[in-house]
A.B. asks: 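Dumping the structure here so I can ask a few things about it.
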Amino acid sequence: MNRSRVRVFSLVALCLACALPARAQDRPPNLWFQGTRLIFEHAVALPGDLGVSTRDAGLRRFLDRLGATVSYQPQQRYVVITAEDRRTIVFTLGDPSYTVAGVRAQAPFAPLADGDDVVLPFFTLARALYVEPLAQPNEIVLQPRIGALDVRTDAGRTIVTVRGAMPLLIATTGESPERLQLSFTGLGSALAPGRRAAGPAVDTIDVAVGGTTKVPTTTITFEGARGSTHRVLPSGSLDAYTVVFEPGTEAPLTLPTAAPPIVAGRATVTDLTIEPGPDDALAVRVTLSGAASYEWHRLADNRWYLDLDNTTLAGPGRDEHPAFGAVQSVRVRQTGSADAPAVRIAFTTTSQQRIDLTPSDAGLVITVATSPPSDLARIGSGRTGGAPVVASATASPDPNASPGDGSGPPGWKFGTNSNSKVIVIDPGHGGADQGTAHNGIVEKAVTLDIAQRLRSVLVAQGWTVRLTRDADVDPVSSDNLAKMRADGKPNADDRAYLQTRCDVANNLGARLFISIHVNAAPLESARGTTVYWYKPQDAPFAQAIEKNLIPLAGTQDDGTRHENLYVVRHTSMPAVLVETAFATNPGDVALLRQPSFLQHVAQGIANGVKAYAGSPSANALSQQQ
Amino acid sequence: MRSSRALVLVVLFVAAVAAAWWFTTRRQQSTVGDAITVYYAKADGTTLVPWQLSLGPARDRKSAAFYAATQCVAGPPSGTEAVRFPAGTHVRALDVEGSTADVDISKEIASSAEGGFAESAEFKALVWTLTQPKLGIDSVKVRIGGKRVATLPGGHLELDEPLSRSSF
């Protein structure tokens, strides 16, 4: 359906919208939500629902209260509402069907274009956001509800997540190791009153609703298995509450074995054999009924998997433990959804192994060699069926490539810089820009501390060291501000601040540039040290820093990474940016609080400098020659 | 006689409109296909995981790119451990000119942009999503809250130039 068709449809629908209410309904109903009246100024009662424009301030307030956002732009047909728990509700202009987290449903009417906005079926949207419209004598009460009770098992544990429409107000009304009773104030529920939980750690889950229509209360009681214990997990969302029940004794892990039926028009894995290959290699021969595209991934922990898209598995999944080669296990599973099935073939190997793919008319052969991989590719894709093709791989730039080997930009030549005994250290952030701040760690203070320690170590080695800042300031030159503001590019001030740090090194003709930072992540589990580089010839410098820093710092080795970061890109000498540790990980935070750790980081970086560039006297000699 | 001629003209006009409607509808539906790949970054901040999503009835390149970008920013289903865009972040607009997409992301993304880790993982997932072959997009220009920015506040990644898969 094209835009003109949408416009015609919208015009007709709007005419209907104008005509029908005059006959059937006088005006939109009174709405009650969270203790106040919800007033819409751009709403029209339509058959089966209430049409409300996305420009309506009342709708905006309603969505804000739920933590939901709307993505829509004129001339687009999709309207995407993202709930606080990241479920998406997708409407399409001119189409009454919509999806909630990928599940298709039918609305009473199709969304209508309304100038630069769109008229949505409000009650349908509210229900998708776990808010139930309940008809009362003179009004409609919009009751937030417990929308979902997800129960899953993992390694014998039972993990239960309660999801509501709004931030949960929870009271624990009864608790023992084997029993937990939670009361959710202000939330109703349409969940089944009782269920027998899947998994060995919880016997039953009972749901009871009390209170009034406007102020409901839902009580959920979990009865754990004998000897079980429970604990609350951080859910990452105010609208969700997750509790994990641990069994008293170890429970067996069950794996799904059911296979989906074969569907015409899709490729099907009709046979899969595992056989020895040459030189202790292992070959997995996959026979397919038709063409299929695939994508593979190499993980850092010696796992590798391949997904065959739009493909089903004729038969149950398989778990194999070959007694030869470097393969510890081979797992074959039906994955994806009913609409988009996929077959996953996963290997766990003894170490990172070379894996070759040979697509053919009949299917695909995956060969796992006993030798290490020849490149750093972590992801690739290809297609089976028709003429054999070579799997394409997207690899990170190879930091092992020798500089100046003719295959890329030339490497750095010692002695080409005017001040080959000078190293510039850049303590990240400063002044009003405090960088990341978590758990009592303020990045600008830590980076300056490490930089000053590093300066002492490098000076002791004979280097001349300059810091881009030696106090709690964010340096910027007026020349850079003027220049950046004049060039017409965006964010002139931000670039001026960063360029000023680069200029310190560029104007000095420094030998090396090292920027110090502290990392942060939305996941508490992220930790470790990463050294970033941009210019291809800087990869060996980054590797030298990482190799020497990790043993002293004792942090997780997150490796070196090629990244388009301003300060390592706009400096004219070997430059790295060291993300020392995470201010969001408890283990790393404990380290960042210790002065001895900061000293070890400084010493580790200095050791890396020595490994990469040698001593300053050697550089001076090289420069003279 | 005059009325029958007018009737013929009306019939011809209706037929022409129907043919144009059918032609444009068929053309648009055949552009991208019925599914799109969306990537998210695992907790290591580097590894991308693809997942397939069915498209609705709008399957032209620009609609599919907008849909894919909104799903990428929303992230995978809750319960999946992933590096996620900050709460409230959403796609404000997306345009496609030639092989370049221009995506406008809401300002919430800047609210917790700290360090290179999350920033890199978030944009890597978005760029890989938008540059999947079927969309014919090679590079992605970024606006934040409607404005061009050089970097995120407190962040490091250069955003004033188009991003591509080779940027990561």
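Throughout, protein chains are lettered first and strands after them, A, B, ... in sequence-line order, and every chain is numbered starting at 1.
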A.B. asks: What closest approach, in Å, do B/Lys62 and A/Gln76 show between heavy atoms, and which atom pair accounts for it?
C.D. replies: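 Taking B/Lys62 first and A/Gln76 second, the nearest heavy atoms are O-NE2, 3.2 Å.
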
A.B. asks: Measure the CZ-CZ distance between A/Arg86 and B/Phe85 for me, rounded to the nearest 0.5 Å.
C.D. replies: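 Between atom CZ of A/Arg86 and atom CZ of B/Phe85 there are 9.0 Å.
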
A.B. asks: Could you tell me which of A/Gln434, A/Gln73, A/Arg569 has the largest number of non-hydrogen atom pairs under 4.5 Å with chain B?
C.D. replies: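 Most heavy-atom pairs within the cutoff with chain B belong to A/Gln73.
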
A.B. asks: Roughly how far, to the nearest 0.5 Å, is OH of B/Tyr67 from OG1 of A/Thr88?
C.D. replies: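 Result: 6.0 Å between the selected atoms.
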
A.B. asks: How far does OG1 of B/Thr37 sit from CG of A/Asp307, to the nearest 0.5 angstrom?
C.D. replies: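 B/Thr37 OG1 to A/Asp307 CG: 10.5 Å, rounded to 0.5 Å.
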
A.B. asks: Taking side chain as everything from C-beta outward and backbone as N, CA, C, O, which of these in A/Asp309 sits under 4.5 Å from a heavy atom of chain B? Side chain, backbone, both or neither.
C.D. replies: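 It is the side chain, since no backbone atom gets that close.
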
A.B. asks: I need the minimum non-hydrogen distance between A/Ala521 and B/Ala118, along with the two atoms involved.
C.D. replies: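 For A/Ala521 versus B/Ala118, the nearest heavy atoms are CA-CB, 4.5 Å.
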
A.B. asks: Quick check: closest heavy atoms across A/Glu563 and B/Phe168, and the distance to 0.1 Å?
C.D. replies: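 Looks like OE2-CD2, 3.4 Å.
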
A.B. asks: Using non-hydrogen atoms and a 4.5 Å limit, figure out which bit of A/Tyr497 sits close to chain B: side chain, backbone, both or neither.
C.D. replies: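 For A/Tyr497, there is no contact with chain B at all, as no heavy atom is under 4.5 Å.
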
A.B. asks: Would you mind telling me which of B/Lys42, B/Gln52, B/Arg84 has the largest number of heavy-atom pairs within less than 4.5 Å of chain A?
C.D. replies: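 Result: the option with the highest number of such pairs is B/Arg84.
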
A.B. asks: Please report the closest heavy-atom contact between A/Arg561 and B/Thr46, naming both atoms and the distance.
C.D. replies: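 Nearest pair, atom of A/Arg561 first, then B/Thr46: NH1-OG1, 3.4 Å.
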
A.B. asks: Side chains of A/Arg104 and B/Ser54: is there a donor and an acceptor less than 3.5 Å apart?
C.D. replies: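 No.
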
A.B. asks: By a 4.5 Å heavy-atom criterion (distance strictly below it), what part of A/Arg87 contacts chain B: side chain, backbone, both, or neither?
C.D. replies: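 Looking at A/Arg87, nothing touches chain B.
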
A.B. asks: Of the non-hydrogen atoms in A/Ser525 and B/Glu81, which two are nearest, and what is the gap between them?
C.D. replies: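 Reported closest heavy-atom pair: OG-OE2, 3.5 Å.
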
A.B. asks: Using heavy-atom distances under 4.5 Å, tell me whether B/Leu55 contacts chain A through its side chain, its backbone, both, or neither.
C.D. replies: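 Backbone plus side chain of B/Leu55, per the 4.5 Å heavy-atom cut-off to chain A.
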
A.B. asks: Output, in order, the C-alpha distance, side-chain angles, deciding distance and verdict of side-chain contact (heavy atoms from CB on, under 4.5 Å) for B/His90 and A/Val70.
C.D. replies: CA-CA 7 Å; B/His90 61 281; A/Val70 180; over 6 Å; no

A.B. asks: If you count heavy atoms of other groups shown closer than 6.0 angstrom to CZ of A/Arg527, is the number above 12?
C.D. replies: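 Counting neighbours around CZ of A/Arg527, 12 or fewer heavy atoms of other residues, nucleotides or ligands fall under 6.0 Å, so no.
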
A.B. asks: Using modelled atom types and a 3.5 Å cut-off, is there a donor and acceptor pairing between side-chain atoms of A/Ser71 and backbone atoms of B/Val91?
C.D. replies: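 Here the side-chain-to-backbone pair exists.
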
A.B. asks: Sort out for me which of B/Ser63, B/Ser167, B/Pro133 touches chain A most, counting heavy-atom pairs under 4.5 Å.
C.D. replies: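 Looking at each option in turn, the highest pair count goes to B/Ser63.
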
A.B. asks: What part of B/Ala82 lies closer than 4.5 angstrom to a heavy atom of chain A: side chain, backbone, both or neither?
C.D. replies: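 Backbone of B/Ala82 only, per the 4.5 Å heavy-atom cut-off to chain A.
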
A.B. asks: Taking all atoms of both residues into account, what is the closest heavy-atom pair of A/His562 and B/Ser166, and its distance?
C.D. replies: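 Reported closest heavy-atom pair: CE1-O, 3.6 Å.
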
A.B. asks: Is it the side chain or the backbone of B/Ala93 that comes within 4.5 Å of chain A heavy atoms, both, or neither?
C.D. replies: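 B/Ala93 touches chain A through backbone and side-chain heavy atoms alike.
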
A.B. asks: Does any heavy atom of chain B fall under 4.5 Å from the side chain of A/Tyr72, the backbone, both, or neither of them?
C.D. replies: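 The answer is the backbone of A/Tyr72.
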
A.B. asks: Decide if the gap between the ring center of A/Tyr78 and the ring center of B/Phe66 is smaller than 6.0 angstrom.
C.D. replies: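 Ring centroids of A/Tyr78 and B/Phe66 are no less than 6.0 Å from each other.
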
A.B. asks: Does any heavy atom of chain B fall under 4.5 Å from the side chain of A/Phe582, the backbone, both, or neither of them?
C.D. replies: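 For A/Phe582, the side chain is the part near chain B, not the backbone.
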
A.B. asks: With chain B, which of A/Ile159, A/Val90, A/Thr69, A/Thr82 has the greatest number of heavy-atom pairs at distances under 4.5 Å?
C.D. replies: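 The candidate making the most pairs under 4.5 Å is A/Thr69.
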
